[in-house]
**Q** 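This structure is in structure tokens; I'll ask about it shortly.
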Amino acid sequence: MMPPQRTRRDARQSERGSSLVEFALAFSMLFTIFAGAYEFGYAFFMYNQLETAVRDGARYSSFRTYDSASCTPSAGFQTAVKNTVLYGNPDGGAKPVIPGLTAANITLTPTCSGGLPAAFTVSITNYRLRTMFLTATLNKPAATFPYVGVYAPI
């Protein structure tokens, strides 16, 4: 005996929930892919912002008048360089260029030759990059510029 033939109506009713299941599976995969692409893009953008800020700070330190008689920069010099990295302005500002970045994350390291500054290195230490799903601690970037400013100790 042959099995009874299914009608079109029976076939449609048996496939009723399959579209919802397919959508749920496809959406979860697509959401994961898009969220990962967003996370990567955001992290890359923030790192690029950090690189630019560090480079600006190192460049600023290479031109600013050096007012210390020793290899240790004065507090005013350090503050101006850190403000350049933080706010994009040596005089300071209200909102940091990069969210979560503080003056404690910025390191200014002079390289001296014969008691005179030869170069300045500005670097980022222990910056916590927070994204939606991930938190990473960065100990870079760093930028070094030779000192070409005026040496005028007080």
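Atoms considered below: every heavy atom in the structure, side chains included; atoms not considered: hydrogens, waters and symmetry mates.
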**Q** Throw together a table of side-chain donor-acceptor distances under 3.5 angstrom for residues 76-92, partners on residues two or more places apart or in other chains.
**A**
from, atom 1, to, atom 2, distance (Å)
Thr79, OG1, Ala75, O, 2.8
Asn83, ND2, Thr79, O, 3.4
Asn83, ND2, Pro90, O, 3.3
Thr84, OG1, Ala80, O, 2.8
Asn89, OD1, Asp91, N, 3.1

**Q** Side-chain heavy atoms under 4.5 angstrom apart, residues restricted to Ile, Leu, Val, Met, Phe, Trp, Tyr: same cluster for Tyr66 and Leu116?
**A** yes
**Q** State, to 0.1 Å, how close Ala119 and Thr144 come at their nearest heavy-atom pair, and which atoms those are.
**A**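 Heavy-atom minimum between the residues: CB-CG2, 4.1 Å.
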**Q** Any side chain to side chain donor-acceptor pair (under 3.5 Å) involving residues 104-119? Give me the pairs, sequence neighbours left out, ordered by first then second residue.
**A**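 Side chain to side chain donor-acceptor pair (under 3.5 Å) check on residues 104-119 returns Thr102-Asn105.
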**Q** Is there a side-chain contact between Pro73 and Pro110 (heavy atoms, below 4.5 Å)?
**A** yes
**Q** Kindly say whether Asp67 contributes a backbone atom to a donor-acceptor pair with the side chain of Tyr151 at under 3.5 angstrom?
**A** no
**Q** In terms of hydrophobic clusters joined by side-chain contacts under 4.5 Å, are Phe34 and Phe44 together?
**A**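 Result: no, two separate clusters.
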**Q** Centroid-to-centroid, Tyr147 to Phe120, below 6.0 Å?
**A** yes
**Q** On a heavy-atom basis, which atom in Ser62 and which in Pro146 lie closest, and how many Å separate them?
**A**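 What the structure gives for the nearest pair is CB-O, 3.1 Å.
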**Q** For Phe133, does the CZ atom sit with more than 12 other heavy atoms under 6.0 Å from it, leaving out its own atoms?
**A**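 More than 12 within 6.0 Å, yes.
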**Q** At what distance, to the nearest 0.5 angstrom, does CG of Leu138 lie from CG of Asn126?
**A** 10.0 Å
**Q** How far does OG of Ser61 sit from CG of Asp56, to the nearest 0.5 angstrom?
**A** 11.0 Å
**Q** Can you confirm whether Tyr127 sits close enough to Met46 that some side-chain heavy atom of one is under 4.5 Å from a side-chain heavy atom of the other?
**A** yes
**Q** What verdict does the side chain to side chain donor-acceptor pair (under 3.5 Å) test give for Arg128 and Thr137, after you've listed the backbone C-alpha separation in whole Å, the side-chain angles of each residue and the deciding distance to 0.1 Å?
**A** CA-CA 4 Å; Arg128 297 186 56 85; Thr137 302; 3.3 Å; yes
**Q** Which residue pairs pass the side chain to side chain donor-acceptor pair (under 3.5 Å) test with at least one member in residues 28-51, sequence neighbours excluded?
**A**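 Matches after skipping sequence neighbours: Glu39-Thr131.
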**Q** Does anything in residues 107-154 pair up under disulfide bond (SG atoms under 2.5 Å apart), and if so which pairs, sequence neighbours excluded?
**A** Cys71-Cys112
**Q** How would you list all residue pairs meeting disulfide bond (SG atoms under 2.5 Å apart) that involve residues 114-154, not counting sequence neighbours?
**A** none
**Q** Determine, using the 4.5 Å side-chain heavy-atom cutoff (strictly less than), whether Ile33 and Leu25 are members of one ILVMFWY cluster.
**A**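 Each belongs to a different hydrophobic cluster.
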**Q** Show, in sequence, the C-alpha distance, side-chain angles and deciding distance for Ile106 and Val122, and conclude whether the side chain to side chain contact (heavy atoms under 4.5 Å, CB included) test is met.
**A** CA-CA 7 Å; Ile106 302 165; Val122 177; 4.0 Å; yes
**Q** Taking only residues two or more places apart in sequence or in another chain, which ones pass side-chain contact (heavy atoms from CB on, under 4.5 Å) with Val150?
**A** Thr65, Ala152
